[in-house]
Protein chains: 2
Amino acid sequence: MEKTIERLALYRRLLKNQSGKGNTHIFSHQLAGISGYSAAIVRRDLMNIGYYGTPRHGYEIKALIDCLNVFFNKPEVKSLILVGAGNLGRALIAYFIKDKTEYNLIAAFDSDPLKVNLKYNGCPCYSLEKIPELIAASQASVGIITVPAENAQSVADLLVENKIKGILNFAPVSLTVPESVYVENVDLALMLEKVLYFSVHHREGEKKNGMT
Amino acid sequence: MEKTIERLALYRRLLKNQSGKGNTHIFSHQLAGISGYSAAIVRRDLMNIGYYGTPRHGYEIKALIDCLNVFFNKPEVKSLILVGAGNLGRALIAYFIKDKTEYNLIAAFDSDPLKVNLKYNGCPCYSLEKIPELIAASQASVGIITVPAENAQSVADLLVENKIKGILNFAPVSLTVPESVYVENVDLALMLEKVLYFSVHHREGEKKNGMT
DNA sequence: ATTACTTTGTTAAATATATAACAATGTTTG
DNA sequence: CAAACATTGTTATATATTTAACAAAGTAAT
Ligand SMILES: NC(=O)c1ccc[n+]([C@@H]2O[C@H](COP(=O)([O-])OP(=O)(O)OC[C@H]3O[C@@H](n4cnc5c(N)ncnc54)[C@H](O)[C@@H]3O)[C@@H](O)[C@H]2O)c1
Ligand SMILES: NC(=O)c1ccc[n+]([C@@H]2O[C@H](COP(=O)([O-])OP(=O)(O)OC[C@H]3O[C@@H](n4cnc5c(N)ncnc54)[C@H](O)[C@@H]3O)[C@@H](O)[C@H]2O)c1
């Protein structure tokens, strides 16, 4: 189910793109082509959310986007905050501040007095004490953590205290949060390690890989 | 197997950390605790690479690190390059240039003349024409792509032509490469979408989620 | 020594995910 | 209008991954 949701979010983006190009219908194998998955999995995913196409015309793009919007609770745009306006944090601010229709990044927070009260790409940076106030005012429900590993847990605790329900964590630590809070860890160093590994071991043995 | 390798890379990092703290042994449940996985999965993963602990003392940290180093071909440090010294690219440069013992980021490349010949955190930025020369000289085998989506495929093609064997791609497109090249896509916008979704739907129904 | 514990390695079962297959259906073609 | 076709929805099968279970083995306590 989790994998399906990841793909659905991708389909949604790709379909909006296709719609922008003036296309009205799409086949499972076409969506498969642009998404990088298989046609079978596309059909199965769409079946899961209860959207039905027609054998000869495939899927109607607009209707499918609507269906995905309902699934993802759009157009309601949930508010976000980001903690840690360092190198990575600022790159993310620059990226997410752009698309107001999808993401509502309302503020960044940093413990460094030199950063407080600055604006990055128009996004205000506050001190940590402002977190309760700003979250309450904006009803933000998701937080992005881009602080050093040693401070990530305390930041997570602070976010949880203030009713944040989802965390995208870039610090290379396993966060402890209540079960009701969803955490997605993005460990970029590990991802690079994985590529380094498979750049060597990929394609050796094809179907067998000697380990089991 | 893929998931196992992701975790092994994490264990390796955590164990080096533990070793630095002076610990000599560790139990599966302890490694589970700091990694965020279960003890059963830790034991199973270590079984897979053929490392054996003892019932009462658990795993000997130093020996296990050695074993993981062999598995990951360390201390041989493979060279990397990065293409696209924009907001995200520069954040990654700053991060990966730091740890010379693990990553050997030899150069960045950008099509923007204003960026060419600058240095970011000591990492030189060249024009794209220099790619063949630099890859050949450094034997770099992995490339990080942080260019806009519309240019990502042409950059990937260029890297593949120049014998890159692994790509960490941050552009939100599905790259087409020969089967012998390994690609890991990191789509940060989709990851945020996922958190937005689960910040609402997490914990609703616990074991059941209504979608079979 | 014997007993009680703890933790491992490994097997077995459960769950999750992906692939393959194909009847049903609507479309086009002759 | 019937035959040929392409594509869907869905089921069945295969693979991957996780969880659970427990005998074997070493350790500590008595
Ligand atoms: N930069 C990358 O490309 C990269 C790659 C992999 C992982 N990461 C991880 O992402 C995180 C951020 O990396 P970075 O390169 O941006 O680091 P950075 O040092 O550039 O930025 C960290 C920021 O967090 C702020 N900060 C520190 N403690 C804080 C606290 N308690 N509350 C609020 N703000 C606080 C600092 O003032 C700084 O602005 C780190 O955990 C790092 O390991 C970054
Ligand atoms: N910044 C983020 O946090 C973020 C988040 C999600 C996804 N991304 C993706 O990562 C990529 C980079 O994002 P960014 O924010 O750093 O963008 P950016 O515009 O800041 O940087 C892109 C860089 O690539 C360079 N470039 C463009 N075409 C090139 C080419 N053909 N060859 C070499 N260099 C080229 C540009 O000169 C620029 O320096 C994009 O694909 C973006 O969608 C970024």
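Protein chains get the first letters and strands the later ones, always in sequence-line order, with residue 1 at the start of each.
A straight line from CE of M1(B) to C1' of dT15(D) spans 15 Å, rounded to a whole angstrom. What separates CD1 of I49(B) from P of dG9(C) is a distance of 11 Å, to the nearest Å. The interatomic distance linking N48(A) (CG) with dA18(C) (P) rounds to 11 Å, in whole Å. Rounded to an integer number of Å, the gap from OH of Y59(A) to C1' of dT7(D) is 8 Å. Whole-Å rounding puts the L64(B) CG to dT8(C) P distance at 12 Å. Summarising the geometry, the separation between OH on Y51(A) and P on dT8(D) is reported as 11 Å, rounded to the nearest angstrom. When rounded to the nearest whole Å, the span between CD1 of I41(B) and P of dT17(D) equals 10 Å. What separates CZ of R56(B) from P of dA29(D) is a distance of 9 Å, to the nearest Å.
Checking dT8(D), dT17(D), dA12(D) against every side-chain atom of P55(A), the shortest atom distance belongs to dT8(D). With dT19(C), dC5(D), dG9(C) as the candidates, the nucleotide lying closest to the side chain of R43(B) is dG9(C). Each of dG9(D), dT17(D), dA20(D) was ranked by its minimum atom distance to the side chain of K3(B); first place goes to dT17(D). Among the nucleotides dT7(D), dA25(D), dT17(D), the one closest to any side-chain atom of H29(A) is dT7(D). Closest to the F27(B) side chain, of the nucleotides dT17(D), dT7(C), dT19(C), is dT7(C). Comparing dT28(C), dG9(D), dA28(D) by their nearest atom to the side chain of M47(A) picks out dG9(D).
Between the side chains of N87(A) and R90(B), no donor-acceptor pair is found at a separation under 3.5 Å.
Between Y52(A) and dG26(C) there is no side-chain polar atom (N or O) within less than 4.0 angstrom of OP1 or OP2. For the pair S28(B) and dT8(C), the criterion of a side-chain N or O lying under 4.0 Å from OP1 or OP2 is met. Proximity of Y37(B) to the phosphate of dT17(D): no side-chain N or O atom is located under 4.0 Å from OP1 or OP2. Residue H57(B) places at least one side-chain N or O closer than 4.0 Å to OP1 or OP2 of dT27(D). Phosphate contact (OP1/OP2 of dA18(C), side-chain N/O of R7(A), threshold under 4.0 Å): present. Not one side-chain nitrogen or oxygen of T54(A) sits closer than 4.0 Å to the OP1 or OP2 atom of dT8(D).
Proximity of a side-chain donor or acceptor of S199(A) to a complementary backbone N or O of V181(B) within less than 3.5 Å is not detected. N169(B) places a side-chain N or O within donor-acceptor distance of the main-chain N or O of A171(B), the cut-off being under 3.5 Å.
Taking OG1 of T176(A) as the reference point, atom CD of Q153(A) lies at 5.0 Å (rounded to 0.5 Å). Atoms CG and CG, on N121(A) and L92(A) in that order, are 11.5 Å from each other to the nearest 0.5 Å.
No side-chain heavy atom of V77(B) sits under 4.5 Å from any side-chain heavy atom of T101(B).
Between the side chain of R44(B) and the base of dT19(D) there is at least one donor-acceptor pair of N/O atoms closer than 3.5 Å.
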